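The structure presented is a predicted model; accordingly, all values stated were derived computationally and were not measured.
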Amino acid sequence: MSYLALYRKYRSTNFEEVYGQKTIIQTLKNALKENKIAHAYLFSGPRGTGKTSIARLFAKALNCEENIGEICNSCSNCIEISEGSSPDVIEIDAASNSGVDEVRNLIDKVKYAPTKSRYKVYIIDEVHMMSNSAFNALLKTLEEPPSYVVFILCTTELYKVLPTIVSRCQRYEFKKLSDEELTSLLKNVLSKENINYEEEAISEIVELSNGGARDALSILDQTISFSGTSLHAKDIESLFGLTTKKEKITLLEFIKNKDSKGLLKLYDTLINRNIDLVRFTNELLSLLKDALIAKKLNNDKNIYLSLINKYFNEEEENNMIQILLDLLKEFRISNNPSLLFELSLLKIIEENDLTSKRKEAPQEKIIIKEITKEVPVVKEIIKEKENSEVTTSSIINDISKLSPLFKEEKKSVLSKSNIVKDGETNKLNTENLIKLTVISNKEAKRELMGRWKILQAFIKDEELGDFASLLLEGTPYLLTDKILILSYNYSAKAKLINIKANQEKLAECLEKISGKILSVYALDRIESTNLVTTYRNLEEIKKLPKSKDIDSDEIKFE
């Protein structure tokens with residue numbers, strides 16, 4: 001006999017063997033006991049939670065030769081249903097029988113009475129795959145079938161089933177199995193298979209299976225094939241590209257110490273093990289979320305969560321969570337997830353570094369020279385002040401007094417926007433964007449980002465206010481001696497930046513905070529991601545241009 005997969009070998013043979021779904025089992029048993037059999041049932045819920053298995057058990061209980069409601073597993077009806085050979089229990093895969101012709105064929109056969117059983121049971125799996133015309137053809141029969149026919153519809157995507165179908169059925173919502181139920185199931189199977197195991201290995205399988213019994217047994221089956229008679233956590237980690245909690249904590253420790261070299265070295269080690277980056281990102285998010293909750297509840301019993309809270313303050317944890325959430329969104333549109341993950345790790349270090357510097361400075365105070373050196377307007381302020389530390393509001397007030405942008409008399413902000421919303425736009429081709437990336441000055445960009453919020457001082461100005469607001473919505477992405485590239489979440493905002501008629505006022509705003517005359521260009525989120533991907537691909541094949549060969553004067557807008 002050929003090998004039987006564990007999830008088939010240990011499929012429940014009666015209601016008592018079912019793990020989870022206690023409410024559903026009890027309801028069905030009561031209906032059988034009181035002979036209140038509905039003509040149609042709808043089982044919905046996540047994959048691997050027992051929908052088809054319970055449908056077969058219900059078919060057995062309806063047709064067992066011992067009595068209705070019994071499952072003896074020894075009579076001919078029970079045996080045939082278990083083997084899938086019963087003429088009166090018909091299982092249909094709607095994914096491959098989704099058309100109206102198949103449904104009409106089914107309807108023609110419904111009128112024939114069962115061959116040897118009490119009920120003729122139709123189990124339609126993945127019913128959401130049926131076409132609308134097939135659903136409509138089934139409606140009348142589903143509403144008023146012969147008394148000896150029972151329909152059981154199973155689906156993982158209830159929202160795709162027509163409301164007219166749902167309203168004609170008794171609906172049962174299957175839930176994911178709890179960690180305790182899955183653990184009990186796995187230990188029971190391992191005991192019957194005479195396999196030794198580590199508790200940590202069981203926990204990892206439970207986490208991987210995400211509440212699905214079939215997934216849990218399939219993962220166990222694969223791991224046993226790899227490891228033999230003993231189940232070890234390291235085998236599961238090797239097979240499914242998992243990381244240990246210790247490795248996650250080590251990664252966070254590198255972030256805490258701002259050790260980019262150590263962080264990237266650990267990251268390369270993980271990538272070489274072919275870890276699932278989406279799963280790893282979710283695991284990091286889960287750890288940080290649990291740490292944040294533990295901090296809120298003053299609960300330091302978990303050593304891992306206690307370490308994370310020791311490494312980071314609440315603001316830093318929230319920053320990391322936001323960056324990782326953004327990363328999950330980017331994974332969906334990128335063909336180079338490893339690059340995105342690497343850049344996100346570096347971004348976390350940079351963001352946490354900025355957060356730390358803000359925390360180290362006196363509250364509501366800032367060092368003028370760190371943020372505004374070389375800014376023409378602020379140079380005049382510095383001359384008049386002996387103390388180099390002033391409040392943020394003081395900086396803005398002093399800029400307001402000195403800047404010619406602000407008139408002595410107060411004027412209301414114009415209701416009409418000064419920004420031109422349509423017209424000829426600047427364009428930069430991919431080749432020039434790559435060149436700008438190569439010669440970009442990271443230190444100058446970091447300094448500009450520190451000054452970026454000074455743009456708030458100009459928001460109420462009637463001439464430049466709209467342009468300052470538009471700039472504030474973007475993030476400095478690349479900076480050379482002549483061109484600033486901004487990144488925007490939305491393409492509509494990026495388009496406004498690139499309209500030629502807006503360039504003069506945008507440059508004027510930027511000169512106020514940078515002391516330089518800069519041309520400005522904007523990319524939306526997708527364009528930024530594509531640029532990063534192209535850059536890394538060229539880097540891997542060693543086709544990037546050399547910075548010494550790039551003449552910035554030759555890079556011009558199209």
Side-chain angles (χ1 to χ4, degrees), residues 5 7-8 11-12 15 18-29 31-32 37-62 81 84 86 88-107 109-110 119-145 149-178 181-182 209-218:
Y7 77 87
R8 294 180 61 194
R11 177 171 272 153
S12 305
F15 286 132
V18 175
Y19 284 83
Q21 321 306 342
K22 292 180 180 178
T23 304
I24 293 172
I25 295 297
Q26 188 59 49
T27 305
L28 293 176
K29 287 170 73 174
L32 289 162
I37 313 301
H39 63 273
Y41 296 86
L42 178 58
F43 292 172
S44 63
R47 69 178 189 273
T49 51
K51 297 183 295 295
T52 307
S53 295
I54 291 177
R56 289 172 183 165
L57 293 178
F58 192 58
K60 283 185 186 180
L62 287 172
I81 292 171
S86 173
D88 298 320
V89 177
I90 301 97
E91 292 191 34
I92 300 170
D93 177 20
S96 53
N97 295 278
S98 59
V100 67
D101 292 335
E102 286 84 355
V103 172
R104 285 173 180 160
N105 186 41
L106 181 154
I107 294 169
K109 293 178 180 178
V110 162
Y119 288 92
K120 198 170 189 177
V121 182
Y122 286 90
I123 300 173
I124 306 179
D125 206 8
E126 300 299 335
V127 71
H128 63 271
M129 299 291 285
M130 290 175 64
S131 64
N132 284 349
S133 55
F135 272 134
N136 290 327
L138 185 62
L139 278 177
K140 188 63 178 176
T141 303
L142 193 66
E143 186 172 26
E144 297 177 359
V149 171
V150 173
F151 285 98
I152 304 177
L153 314 181
C154 303
T155 179
T156 54
E157 300 180 43
L158 180 63
Y159 66 94
K160 290 185 179 179
V161 181
L162 290 182
T164 47
I165 293 289
V166 176
S167 66
R168 287 165 168 77
C169 304
Q170 277 193 16
R171 176 181 161 188
Y172 292 84
E173 184 69 36
F174 284 64
K175 303 293 190 295
K176 290 182 179 180
L177 274 67
S178 68
E181 288 166 340
L182 285 173
S209 59
N210 194 27
R214 184 172 63 237
D215 285 356
L217 291 176
S218 295

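- Judged by distance alone, with hydrogens and angles left aside, the side-chain atoms of Glu181 form a donor-acceptor pair with the main-chain N or O of Ser178 at under 3.5 Å.
- Rounded to the nearest 0.5 angstrom, Ile124 CD1 and Met130 CE are separated by 5.5 Å.
- The shortest side-chain heavy-atom distance between Phe174 and Ile24 falls under the 4.5 Å cut-off.
- Heavy atoms only, all atoms of each residue included: Leu142 and Ala40 are closest at CD1-CB, 3.8 Å.
- When each of Leu182, Leu217, Leu177 is checked for a side-chain contact (heavy atoms from CB on, under 4.5 Å) with Ser209, only Leu182 meets the rule.
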Would you please test Val121 and Asp88 for side chain to side chain contact (heavy atoms under 4.5 Å, CB included) and show each step?
CA-CA 6 Å; Val121 182; Asp88 298 320; over 6 Å; no

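- Separation of atoms OG1 (Thr52) and CD1 (Ile152) is listed at 10.0 Å; rounding is to 0.5 Å.
- Here the closest heavy-atom approach between residue Ile165 and residue Phe135 is recorded as CG1-CD2, 3.5 Å.
- Ring centers of Phe15 and Phe58: at least 6.0 Å apart, outside the cut-off.
- Asn136 places a side-chain N or O within donor-acceptor distance of the main-chain N or O of Asn132, the cut-off being under 3.5 Å.
- You'll find the side chain of Arg56 reaches within 4.5 Å of the side chain of Ile123, heavy atoms only.
- Panel note: side chain Lys120, backbone Lys109; a donor-acceptor pair is recorded below 3.5 Å.
- For Phe151 and Tyr41, the distance between ring centers is not under 6.0 angstrom.
- Considering OG of Ser86 and NZ of Lys60, their distance stands at 11.0 Å, rounded to 0.5 Å.
- Using a distance-only test at 3.5 Å, with no hydrogens or angles considered, a donor-acceptor pair links the side chain of Thr27 to the main chain of Thr23.
- A donor-acceptor contact shorter than 3.5 Å links the side chain of Lys51 to the backbone of Gly45.
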Would Glu173 and Arg171 count as a salt bridge (charged side-chain N to carboxylate O under 4.0 Å, His left out) if you check the C-alpha gap in whole Å, the side-chain angles of each, and the deciding distance to 0.1 Å?
CA-CA 7 Å; Glu173 184 69 36; Arg171 176 181 161 188; 3.4 Å; yes

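- For the atom pair CG (Asp125) and CD (Glu91), the distance works out to 7.5 Å, reported to the nearest 0.5 Å.
- Judged by distance alone, the side chain of Gln170 and the main-chain N or O of Ala38 form no donor-acceptor pair under 3.5 Å.
- The backbone N or O of Thr164 lies less than 3.5 Å from a partner atom in the side chain of Arg168, making a donor-acceptor pair.
- With contacts defined as side-chain heavy-atom distances shorter than 4.5 Å, the pair Val127/Cys154 does not qualify.
- Considering all non-hydrogen atoms of both residues, Arg47 and Arg214 come closest at CB-NH2, 3.7 Å.
- Pairing each heavy atom of Thr156 with each of Glu126, the nearest pair is OG1-OE1, 3.4 Å.
- With contacts defined as side-chain heavy-atom distances shorter than 4.5 Å, the pair Lys175/Thr49 does not qualify.
- Between Ala137 and Val103, the closest heavy-atom pair is CB-CG1, 3.9 Å.
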Test Ile54 against Ile25 for side chain to side chain contact (heavy atoms under 4.5 Å, CB included), laying out the working first.
CA-CA 8 Å; Ile54 291 177; Ile25 295 297; 3.8 Å; yes

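- Looking at every heavy atom in both residues, Lys160 comes nearest to His128 through CB-CB, 3.7 Å.
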Using the side chain to side chain contact (heavy atoms under 4.5 Å, CB included) rule, take Tyr122 and Ile92 through it: C-alpha gap first, then chi angles, then the decisive distance, then the call.
CA-CA 7 Å; Tyr122 286 90; Ile92 300 170; 4.1 Å; yes

Evaluate His39 against Val149 for side chain to side chain contact (heavy atoms under 4.5 Å, CB included), listing each step before the verdict.
CA-CA 7 Å; His39 63 273; Val149 171; over 6 Å; no

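- Taking CG of Leu42 as the reference point, atom CG of Leu153 lies at 5.5 Å (rounded to 0.5 Å).
- For the atom pair OH of Tyr172 and OG of Ser44, the computed distance is 12.0 Å after rounding to the nearest 0.5 Å.
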